[in-house]
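Each chain gets a letter, A, B and so on, in the order the sequences are listed, and its residues count up from 1. Since we're looking at a predicted model, the values are computed, not measured.
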Number of protein chains: 2
Amino acid sequence: MSLTIGELSRQTQVKVPTIRYYEQIGLLAEPVRTDGKQRRYGPGDVRRLNFIRHARALGFEIEAIRQLLGLAGDPDRCCGEVHDITRAHLEEVKDKIARLSALRDELETMVACDHRRISECRIIEAIADHGECQHHQQ
Amino acid sequence: MSLTIGELSRQTQVKVPTIRYYEQIGLLAEPVRTDGKQRRYGPGDVRRLNFIRHARALGFEIEAIRQLLGLAGDPDRCCGEVHDITRAHLEEVKDKIARLSALRDELETMVACDHRRISECRIIEAIADHGECQHHQQ
DNA sequence: TCTTGAACCTCTAGCCGCTAGAGGATGTAG
DNA sequence: CTACATCCTCTAGCGGCTAGAGGTTCAAGA
């Protein structure tokens with residue numbers, strides 16, 4: 001009934017080295033081992049790793065996921081903190097979108113360049129003359 | 001007439017260790033040194049570093065900037081390649097925006113949680129049951 | 001029972017684009 | 001001539017993995 005790390009990887013779509021990495025940073029508990037030191041996983045591990053994968057796909061950072069997992073294991077608690085973490089993440093995402101949108105607009109103006117010589121290329125000029133605005137994406 | 005690394009840093013808003021890092025990866029040429037091995041920069045370095053900073057602020061990767069700098073130094077060439085690099089970057093930015101927007105919508109649905117107990121929290125459920133969609137932001 | 005060989009193990013290093021710190025040398029103002 | 005801000009090099013760390021070396025284990029087939 002138990003899974004090897006490869007089977008867990010196939011079921012959750014999380015790569016084998018990533019699973020070991022999650023164990024190393026304490027996001028996943030150390031599993032049972034065979035006599036030959038190979039890892040064996042149960043259904044609980046599948047659920048937890050799926051949760052992690054989904055949260056990563058939603059862009060949560062590892063530390064946020066660690067907190068969410070802690071809270072998720074505490075069924076009687078009010079989920080206010082879960083709400084806070086998610087809202088904070090939502091704000092970050094909105095912020096990124098806003099900054100990237102400004103970037104997109106600038107780049108779109110720039111690519112209206114009509115293939116002149118470099119010495120009069122609007123893109124090069126645009127980068128060289130770019131003002132004091134602070135984008136810092138990602 | 002020449003600048004110390006600290007003065008260059010103040011003029012360009014690029015931090016001192018970052019300037020040394022750019023030199024190390026060959027993005028910035030090795031500058032003149034004093035007898036005591038301290039770096040001294042000229043106006044050309046200020047221009048080049050400003051270009052780099054602006055391009056970074058626009059989200060270009062170091063490798064793209066390396067190419068842009070190479071092309072920028074070739075005034076008679078047609079700027080088609082510059083255009084291509086910029087358009088490729090624009091496409092990436094648009095792609096990121098699209099993925100982040102989908103993420104934002106999902107998170108917004110999730111934060112409509114009304115502070116119940118964890119055991120019936122919609123956010124936790126939403127993460128746990130999250131489908132097979134692949135977001136992978138950033 | 002033995003032999004394959006795929007999958008497992010640990011360990012280390014690398015990716016990007018910096019940032020931080022140790023520990024020491026240099027340069028300039030008073 | 002001294003103080004001390006700034007400079008130097010070198011190494012390690014950040015997040016979140018990914019890749020590779022070099023060796024071991026496990027399960028299926030002969």
Practice item. Establish, with yes or no, whether the OP1 or OP2 oxygen of D:dC17 is under 4.0 angstrom from a side-chain nitrogen or oxygen of A:Y22. Key: yes
Review point. Are A:T34 and D:dC26 close enough that a side-chain N or O sits under 4.0 Å from OP1 or OP2?
Key: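 Affirmative; the distance criterion is met.
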Study note, to complete from the structure: Contacts satisfying salt bridge (Lys or Arg N to Asp or Glu O under 4.0 Å) that involve residues 59-75 of chain B (not counting sequence neighbours) are B:E63-B:R66, B:D74-B:R77
Point to revise | Residue pairs involving residues 4-19 of chain A (criterion salt bridge (Lys or Arg N to Asp or Glu O under 4.0 Å); sequence neighbours excluded) | key: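 Listed by first then second residue: nothing to list.
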Rounded distance (Å) that lies between atom [atom2] of [N] and atom [atom1] of [X]:
X	N	atom1	atom2	result
B:R56	C:dC18	CZ	C1'	9 Å
B:L3	C:dG27	CG	C1'	16 Å
B:L49	C:dG17	CG	C1'	14 Å
B:I65	C:dG17	CD1	C1'	10 Å
A:L8	C:dA7	CG	P	15 Å

For nucleotides 18-23 of chain D, give me every protein contact, N/O to N/O, under 3.5 Å, one pair per line with atom names.
residue: D:dT18; atom: OP2; partner: A:T18; partner atom: OG1; Å: 2.9

Partners passing side-chain hydrogen bond (donor to acceptor under 3.5 Å, both in side chains) against [X] (at least two apart in sequence or in another chain):
X	value
B:K94	A:E108
A:D76	B:R117
B:E120	none

Review point. Residues two or more places apart in sequence or in another chain: which of them pass side chain to side chain contact (heavy atoms under 4.5 Å, CB included) with A:A72?
Key: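 Listed in chain order: B:I124.
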Practice item. Kindly write out the residues that satisfy side chain to side chain contact (heavy atoms under 4.5 Å, CB included) with B:T34, not counting sequence neighbours, or none if the list is empty. Key: B:Q38, B:R40
Review point. What nucleotide, of C:dG17, D:dC26, D:dG16, holds the atom closest to the side chain of A:E61?
Key: D:dG16
Review point. Where is the tightest heavy-atom contact between A:L103 and B:A57, given as atom of each residue plus distance?
Key: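 Closest approach of A:L103 to B:A57: CD1-O, 3.6 Å.
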Practice item. Produce a footprint string for nucleotides 1-11 of chain D: one letter per nucleotide, 5' end first; B if the base is under 4.0 Å from any protein heavy atom, S if only the sugar-phosphate is, - if neither. Key: ------SSB--
